[in-house]
Engineer: 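Just dropping this structure here.
By convention in this document, chain letters (A, B, ...) are assigned in the order of the sequence lines, proteins followed by strands, and residues within each chain are numbered from 1.
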Amino acid sequence: MKVLVPVKRVLDYNVKARVKSDNSGVDLANVKMSMNPFDEISVEQAVKMQEAGTASETVVVSIGPSKAQETIRTGLAMGMDRGIHVETDEDLEPLAIAKILKAICDEEKPELVILGKQAIDNDYGATGGMLAALLDWPIGSAANSMKLAGSDMTVVKEVDGGLQTVKLTMPAIVTTDLRLNEPRYASLPNIMKAKKKPIDAKTPADYGVDTKPRLKTVKVTEPEARKAGIKVEDAAQLVDKLKNEAGVI
Amino acid sequence: MAILVIAEHDNKSLKDATHKTVTAAAKMGKDVDLLVAGKGVKDVAAEAAKVAGVRKVLTCDHATLERQLAESMQAVIVPLMDGYDAVVAPDTTTHKNYMPRVAAKLDVQQISSVTGVEGADTFVRPIYAGNAMATVKSSDAKKVVTVRTTAFAAAGDGGSASVEAIGDPAGPFKSEYVSEELTKSDRPELTAAKVVISGGRGMGSGENFKLIEGIADKLGAAMGASRAAVDAGYVPNDWQVGQTGKAVAPALYIAVGISGAIQHLAGMKDSKVIAAINKDEDAPIFQVADYGLVADLFKALPEFEAELEKAGY
Ligand SMILES: Cc1cc2nc3c(=O)[nH]c(=O)nc-3n(C[C@H](O)[C@H](O)[C@H](O)COP(=O)(O)OP(=O)(O)OC[C@H]3O[C@@H](n4cnc5c(N)ncnc54)[C@H](O)[C@@H]3O)c2cc1C
């Protein structure tokens with residue numbers, strides 16, 4: 001079974017986003033960028049499936065600027081077989097991304113696409129679901145665990161009330177949640193090996209997809225700041241303040 | 001402008017998230033209809049008809065909708081959209097699961113987890129774990145919107161909408177429900193509670209969450225956790241508060257043994273009052289806390305409970 005994993009290059013999760021002074025967006029100049037953490041989990045899952053013999057080929061895809069190649073290399077160093085880089089400097093919306101991925105799926109014919117449940121920059125949480133709809137495939141969202149049995153994939157999903165198990169008829173889409181696995185660090189020899197793995201260079205035009213944005217960013221602003229309050233001496237004072245000053249208990 | 005709001009329910013009762021979503025939808029336009037899709041949802045529909053400001057309640061009552069799985073919800077909603085300019089749902093996991101499918105089928109860019117509605121086509125939403133707020137204007141013919149319910153007040157009761165049944169969703173579907181393992185609790189729901197008390201890695205074990213339980217009992221609080229506490233297996237996944245867990249905005253949020261990482265703050269910094277107990281006086285959580293107690297939680301929690309007791313709780 002061929003497994004496809006789309007990955008996104010995002011502001012590193014340890015870096016606090018700063019709003020640009022002209023309110024046009026978030027400042028991404030000279031800050032550390034990394035693979036979206038949920039995508040690392042997706043890559044790990046694909047590589048694990050390959051090691052277990054359930055995946056025959058693993059393909060990592062990124063749609064983004066030339067630097068997104070580094071993100072693809074990270075996936076290759078973790079163990080993916082080959083990459084596809086769809087180069088664009090535009091910050092494409094999930095719908096456009098899903099359309100490009102659909103076109104790639106039509107060509108590559110994977111049986112499973114594993115995506116992160118959300119990208120930690122724009123927090124849309126939409127690409128996986130959109131791709132599933134465009135392909136008319138079933139989806140298991142926010143996977144906590146997944147298991148292949150014949151032509152079915154059983155996915156245990158994280159839901160608001162706890163856990164829910166669904167059975168998907170392959171081909172299928174799975175989106176990953178934090179507890180699906182712990183992504184490996186790429187070893188130095190594997191990083192070297194990854195340099196030789198092939199990456200196909202493409203552009204959105206190759207797929208004939210209309211990527212025009214549907215949303216216009218009117219402005220991006222700082223959230224309302226919270227001020228640090230006071231330190232209390234002990235538990236007694238805490239109860240007193242909560243009760244008599246704040247009036248919240 | 002006609003807006004279809006999707007109800008949050010468990011086939012038995014209508015959830016408060018629905019009322020809050022109706023408030024958000026009403027800011028987009030005045031013709032708001034509610035869809036109740038599920039199995040055996042007669043009572044839910046009757047409750048929905050009473051929500052103030054709702055014009056009409058549509059019900060789709062079918063076995064395949066019992067768990068509101070993605071494909072079946074898509075099959076119900078997409079055909080209805082000929083008659084609507086927008087579809088709006090709460091951003092709980094049920095709706096997050098199918099709304100992107102609906103958006104893609106309508107060829108629309110979804111606008112996720114909005115915290116503000118500035119008219120029929122303009123919305124405010126947090127990005128980058130809430131470290132920036134984006135105002136976006138949609139040029140799509142129809143809008144597909146999910147709502148961060150903690151940002152909106154609940155619509156009241158007093159409505160008397162008509163209830164109309166619609167046809168069954170057209171299958172076949174390639175996914176099926178197998179089982180569910182729901183966390184049982186008599187406490188208020190995390191996202192709706194007035195008081196939330198959360199524990200982090202500092203709690204050290206699941207057993208130690210008992211120290212929080214006594215306090216939660218006294219305050220009628222919901223219990224939450226940081227990702228680290230969930231990953232360590234101290235508490236179930238549905239307790240996770242944060243960017244990639246649940247967003248809460250109670251009157252009082254108490255963080256115990258939680259450092260205050262960006263991702264955790266994203267889920268709780270809109271709380272009215274924040275109190276924090278942490279032994280590290282430099283913990284970032286104190287930068288957002290109204291009341292900070294620098295102390296070892298194993299000493300502070302029993303004292304806090306005893307003081308509450310003394311104060312009559
Ligand atoms: C993609 C991604 C998504 C994430 N999503 C979330 C999310 O939704 N929610 C979330 O919470 N995190 C999330 N995280 C994780 C986040 O970055 C932090 O790692 C996590 O919040 C830390 O949890 P913590 O504060 O409990 O643990 P730590 O950061 O380890 O803090 C423990 C705190 O406990 C204190 N402590 C220890 N012992 C005691 C004691 N005896 N008495 C008093 N205080 C004590 C310490 O001083 C410390 O401040 C995410 C991370 C990633 C990469």
Side-chain angles (χ1 to χ4, degrees), chain A residues 11 16-17 19 26 93-95 98 118 120-126 129-130 132-134 137-139 141-142 144 154 158-169 178-179 214-223 226 228-232 234-236 238-239 241-243 246 248-249, chain B residues 70-71 74 92-93 96-97 100-101 103-105 109-110 112-113 122 127-140 174-183 219 227 231 236-238 244 251-252 262 269 272-273 275 286-294 300 303-304 307-308 311:
Chain A
L11 180 65
K16 188 169 182 236
V19 172
V26 162
E93 293 169 353
L95 182 65
Q118 76 193 71
I120 60 163
D121 52 0
N122 284 324
D123 283 335
Y124 277 113
M130 288 180 158
L134 296 177
W137 288 5
I139 186 166
S141 311
N144 178 284
T154 302
E158 296 202 359
V159 295
D160 282 339
L163 297 170
Q164 183 186 64
T165 306
V166 294
K167 201 164 81 181
L168 315 175
T169 305
L178 296 168
R179 281 155 289 269
R214 309 299 183 83
L215 305 181
K216 181 174 158 248
T217 301
V218 179
K219 62 178 178 197
V220 174
T221 56
E222 298 269 356
R226 270 196 98 96
I230 58 159
K231 293 268 165 63
V232 295
D234 52 24
L238 181 57
V239 171
K241 291 282 183 195
L242 293 177
K243 186 173 184 207
V248 287
I249 60 170
Chain B
E71 288 172 283
Q74 173 193 327
T92 60
T93 49
K96 278 180 183 170
N97 193 21
R101 295 187 76 109
K105 282 292 177 198
Q109 174 53 47
Q110 168 173 311
S112 312
S113 298
T122 306
I127 55 174
Y128 290 88
N131 285 305
M133 304 300 291
T135 304
V136 294
K137 188 176 157 98
S138 167
S139 61
D140 280 317
K174 297 172 214 160
S175 54
E176 64 184 272
Y177 169 82
V178 177
S179 64
E180 215 159 43
E181 203 181 301
L182 298 186
T183 309
L219 298 176
R227 173 190 172 183
D231 284 5
N237 63 278
D238 52 295
T244 62
L252 172 62
I262 298 171
K269 70 181 167 52
K272 188 161 158 265
V273 173
F286 288 127
Q287 289 163 23
V288 299
D290 300 282
Y291 302 107
L293 176 55
V294 181
E303 283 175 9
F304 187 48
E307 288 298 330
L308 284 172

Engineer: Measure across B/Ile127 and A/Asn122 and return the closest heavy-atom pair with its distance rounded to 0.1 Å.
Structural biologist: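 B/Ile127 and A/Asn122 have their closest heavy atoms at CG2-O, 3.8 Å.
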
Engineer: Where does B/Leu293 contact chain A at under 4.5 Å (heavy atoms): side chain, backbone, both or neither?
Structural biologist: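 It is both, since atoms from each part get that close.
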
Engineer: When rounded to the nearest 0.5 angstrom, what is the spacing between CD in A/Gln118 and OG1 in B/Thr244?
Structural biologist: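 Reported to 0.5 Å precision, the distance equals 6.0 Å.
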
Engineer: Which bit of B/Glu71 comes within less than 4.5 Å of chain A, counting heavy atoms only: side chain, backbone, both or neither?
Structural biologist: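 Interface part for B/Glu71: side chain.
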
Engineer: Got A/Met130 and B/Gln109 here, is their nearest side-chain heavy-atom distance under 4.5 Å?
Structural biologist: yes

Engineer: Which answer fits A/Val159, side chain, backbone, both or neither, if we ask what part of it has an atom under 4.5 Å from a heavy atom of chain B?
Structural biologist: both

Engineer: Compare every heavy atom of A/Leu95 with every heavy atom of B/Ala104, then report the nearest pair and how far apart it is.
Structural biologist: CA-CD1, 4.1 Å

Engineer: About how many Å separate OH of B/Tyr128 and CD1 of A/Ile120, when rounded to the nearest 0.5 Å?
Structural biologist: 9.0 Å

Engineer: I'd like to verify something: which residue of A/Asp123, A/Thr169, A/Val220 has the highest number of heavy-atom pairs under 4.5 Å with chain B?
Structural biologist: A/Asp123

Engineer: Looking only at heavy atoms, which two atoms of B/Leu182 and A/Leu163 are closest? And how far apart?
Structural biologist: CD2-O, 4.4 Å

Engineer: Under 4.5 Å from any heavy atom of chain B, what part of A/Ala132 do you find: side chain, backbone, both or neither?
Structural biologist: both

Engineer: Could you tell me the separation between the NZ atom of B/Lys269 and the CZ atom of A/Arg226, rounded to the nearest 0.5 Å?
Structural biologist: 9.0 Å

Engineer: Chain A heavy atoms under 4.5 Å from B/Ala132: which part of the residue, side chain, backbone, both or neither?
Structural biologist: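 Both parts, heavy atoms under 4.5 Å.
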
Engineer: Taking NZ in A/Lys16 as the centre, count heavy atoms belonging to other residues, nucleotides or ligands within less than 6.0 Å. Is the count above 12?
Structural biologist: no

Engineer: Between B/Ile262 and chain A, which part of the residue has a heavy atom less than 4.5 Å away: side chain, backbone, both or neither?
Structural biologist: side chain

Engineer: At their closest point, which heavy atom of B/Pro100 faces which heavy atom of A/Ala126, and how far apart are they?
Structural biologist: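 Nearest pair, atom of B/Pro100 first, then A/Ala126: CB-O, 3.4 Å.
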
Engineer: Do B/Asp238 and A/Asp160 come close enough that some side-chain heavy atom pair is under 4.5 Å?
Structural biologist: no

Engineer: Please find the pair of heavy atoms, one from A/Val166 and one from B/Tyr177, that lie closest to each other, and give the distance.
Structural biologist: CG1-CA, 4.4 Å

Engineer: Who among B/Arg101, B/Glu180, B/Glu307 has the most heavy-atom pairs with chain A under 4.5 Å?
Structural biologist: B/Arg101

Engineer: With a 4.5 Å cut-off on side-chain heavy atoms, are A/Glu158 and B/Thr93 touching?
Structural biologist: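 Not in contact.
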
Engineer: Which atoms form the tightest heavy-atom contact between B/Val273 and A/Val248, and what is the distance?
Structural biologist: CG2-CG1, 3.8 Å

Engineer: If you count heavy-atom pairs under 4.5 Å between each of B/Val136, B/Asn237, B/Asp140, B/Thr122 and chain A, which one has the most?
Structural biologist: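 Between B/Val136, B/Asn237, B/Asp140, B/Thr122, the count favours B/Asn237.
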
Engineer: Among B/Gln287, B/Met133, B/Glu181, single out the residue with the greatest number of heavy-atom pairs under 4.5 Å to chain A.
Structural biologist: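 Between B/Gln287, B/Met133, B/Glu181, the count favours B/Met133.
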
Engineer: Below 4.5 Å from any heavy atom of chain B, which atoms of A/Val19 appear? Answer side chain, backbone, both or neither.
Structural biologist: side chain

Engineer: Taking the side chain as everything from C-beta on, heavy atoms only, tell me whether A/Lys216 gets closer than 4.5 Å to B/Ser139.
Structural biologist: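 In short, these two side chains do not touch, never coming nearer than 4.5 Å.
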
Engineer: Taking A/Ala98, A/Gly125, A/Ala236 one by one, which has the highest count of heavy-atom pairs under 4.5 Å against chain B?
Structural biologist: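 Answer, by heavy-atom pair count under 4.5 Å with chain B: A/Ala236.
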
Engineer: What part of B/Thr183 lies closer than 4.5 angstrom to a heavy atom of chain A: side chain, backbone, both or neither?
Structural biologist: both

Engineer: Distance check, rounded to the nearest 0.5 Å: A/Leu242 atom CG versus B/Leu219 atom CG?
Structural biologist: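 If we round to the nearest 0.5 Å, A/Leu242:CG and B/Leu219:CG are 8.5 Å apart.
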
Engineer: With a 4.5 Å cut-off on heavy-atom pairs, point out which of A/Asn144, A/Ile230, A/Thr217 contacts chain B the most.
Structural biologist: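 Answer, by heavy-atom pair count under 4.5 Å with chain B: A/Ile230.
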
Engineer: So for B/Ala275, is it side chain, backbone, both, or neither that comes closer than 4.5 Å to the heavy atoms of chain A?
Structural biologist: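 Contact with chain A is through the side chain of B/Ala275 alone.
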
Engineer: What part of A/Ala142 gets closer than 4.5 Å to chain B, counting heavy atoms only: side chain, backbone, both or neither?
Structural biologist: neither

Engineer: Mind checking whether A/Leu168 and B/Lys174 have side chains closer than 4.5 Å, heavy atoms only?
Structural biologist: no

Engineer: Find the distance between CD (B/Glu303) and CG (A/Asp234) and round it off to the nearest 0.5 Å.
Structural biologist: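 So the gap between those two atoms works out to 7.0 Å.
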
